[in-house]
Visitor: 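Submitted below is the structure of interest, expressed as structure tokens.
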Amino acid sequence: NAGVTQTPKFQVLKTGQSMTLQCAQDMNHEYMSWYRQDPGMGLRLIHYSVGAGITDQGEVPNGYNVSRSTTEDFPLRLLSAAPSQTSVYFCASSYGVAGANVLTFGAGSRLTVL
Amino acid sequence: AQKVTQAQTEISVVEKEDVTLDCVYETRDTTYYLFWYKQPPSGELVFLIRRNSFDEQNEISGRYSWNFQKSTSSFNFTITASQVVDSAVYFCALSATTSGGSYIPTFGRGTSLIVHP
């Protein structure tokens, strides 16, 4: 019963470095998404995917790339990290994009950019 | 566009007090869904409840109750006889259709509830 697995849990980067946050789910969920959580800002949607091969931008997509080559995986790429990307990142998935679907969240990845 | 407002940034209560967390939403859709999620100090996000726009019945689950009022676009959450374990950040979320026809959840900024012993 793995659910949504995020790696790494913690990461420290220097400005300009690149990295990928991994997200995998084993529930055959169509919908996957990435949120960032910052103090006082709640959960803001970065990118989402409604199925393999389909991605779209959320509220705060700048500085991030995503791809969805398989149903299970939805990695989030930071091409050139900036201090403004210091945040806690959550991956979430649901069975589909019908409104009633409940999100299952990963445990979060805390990223610090120096 | 859809929006969720949780005006209370932080609420501090003493154990056994009742507390209500407010959630006001905006959407032009007639079909939409509302959610509450809990984030305890450990950091994970846990689903609490879901409501659709056609069901205005209030719901009670133990010490938790939810009041959905379409007339005021509100979906408030009340904890009766609060306990220290209720200390968490609580998020209200709205799922309504995007221009592409998919339902994409929008979250409020969260309310941090601190329950003192």
Side-chain angles (χ1 to χ4, degrees), chain A residues 1-6 8-10 23 25 27 29-51 54-61 66 68 87-111, chain B residues 1-10 21-25 27-55 75 88-112:
Chain A
N1 59 343
V4 178
T5 302
Q6 287 183 236
K9 284 189 171 17
F10 301 95
C23 176
Q25 52 89 11
M27 299 170 285
H29 282 176
E30 292 180 38
Y31 177 79
M32 296 186 75
S33 55
W34 278 101
Y35 289 87
R36 61 177 289 171
Q37 182 178 16
D38 302 292
M41 300 301 292
L43 293 163
R44 293 183 292 170
L45 183 64
I46 304 171
H47 285 285
Y48 65 94
S49 169
V50 298
I54 306 169
T55 64
D56 207 343
Q57 297 181 351
E59 180 186 355
V60 287
V66 292
R68 184 96 179 269
S87 187
V88 180
Y89 292 85
F90 287 94
C91 180
S93 71
S94 68
Y95 185 69
V97 291
N101 291 318
V102 173
L103 290 173
T104 300
F105 285 88
S109 298
R110 183 176 293 273
L111 175 65
Chain B
Q2 55 205 46
K3 184 178 178 182
V4 176
T5 301
Q6 295 180 255
Q8 304 150 309
T9 304
E10 183 176 296
L21 282 60
D22 297 333
C23 173
V24 174
Y25 62 91
T27 180
R28 293 181 181 174
D29 283 6
T30 55
T31 301
Y32 52 89
Y33 300 83
L34 295 161
F35 304 79
W36 278 94
Y37 289 84
K38 175 182 180 180
Q39 185 179 40
S42 54
E44 77 272 22
L45 284 143
V46 178
F47 164 74
L48 291 178
I49 191 172
R50 172 185 59 206
R51 261 287 175 266
N52 72 55
S53 52
F54 300 108
D55 183 1
F75 185 42
V89 179
Y90 292 87
F91 290 98
C92 181
L94 164 69
S95 192
T97 54
T98 64
S99 57
S102 300
Y103 284 84
I104 305 300
T106 297
F107 284 79
R109 296 192 173 191
T111 297
S112 176

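Nothing here was measured: the structure is a model prediction, and the numbers come from that model. In what follows, every chain begins at residue 1, and chains take the letters A, B, ... in the order their sequences are listed.
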Visitor: Are side-chain heavy atoms of Tyr31(A) and Pro105(B) found at a separation under 4.5 Å?
Guide: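 Yes, close enough: below the 4.5 Å cut-off.
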Visitor: Non-hydrogen atoms of chain B under 4.5 Å away: do they reach the side chain of Leu45(A), the backbone, both or neither?
Guide: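 Side chain only.
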Visitor: Taking side-chain hydrogen bond (donor to acceptor under 3.5 Å, both in side chains) as the definition, give me every residue that meets it alongside Tyr32(B), ordered by chain and number, with sequence neighbours left out.
Guide: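 Applying side-chain hydrogen bond (donor to acceptor under 3.5 Å, both in side chains) to Tyr32(B) gives Tyr25(B).
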Visitor: Check each atom of Gln39(B) against the heavy atoms of chain A and say whether the ones under 4.5 Å are side chain, backbone, both or neither.
Guide: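 Just its side chain gets close to chain A.
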Visitor: How many angstroms lie between CG in Asn101(A) and CZ in Phe47(B), if you round to the nearest 0.5 Å?
Guide: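 Separation between the atoms: 10.5 Å.
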Visitor: If the condition is side-chain hydrogen bond (donor to acceptor under 3.5 Å, both in side chains), which residues does Ser33(A) pass it with, not counting sequence neighbours?
Guide: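 In terms of side-chain hydrogen bond (donor to acceptor under 3.5 Å, both in side chains), with neighbours along the sequence ignored, Ser33(A) is linked to no residue.
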Visitor: Do any of residues 103-111 of chain A have a heavy atom less than 4.5 Å from a heavy atom of chain B, and if so, which, in residue order?
Guide: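 Contacts with chain B: Leu103(A), Phe105(A).
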Visitor: Does the side chain of Tyr37(B) come within less than 4.5 Å of Val102(A)'s, by heavy atoms?
Guide: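 Heavy-atom side-chain distance check passes, below 4.5 Å.
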Visitor: Report the distance from atom CZ of Phe107(B) to atom CD of Gln37(A), rounding to the nearest 0.5 Å.
Guide: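 That separation rounds to 10.0 Å.
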Visitor: Please enumerate all residues that pass side-chain hydrogen bond (donor to acceptor under 3.5 Å, both in side chains) together with Asp56(A), with sequence neighbours excluded.
Guide: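 Per chain and number, Asp56(A) pairs via side-chain hydrogen bond (donor to acceptor under 3.5 Å, both in side chains) with Tyr48(A).
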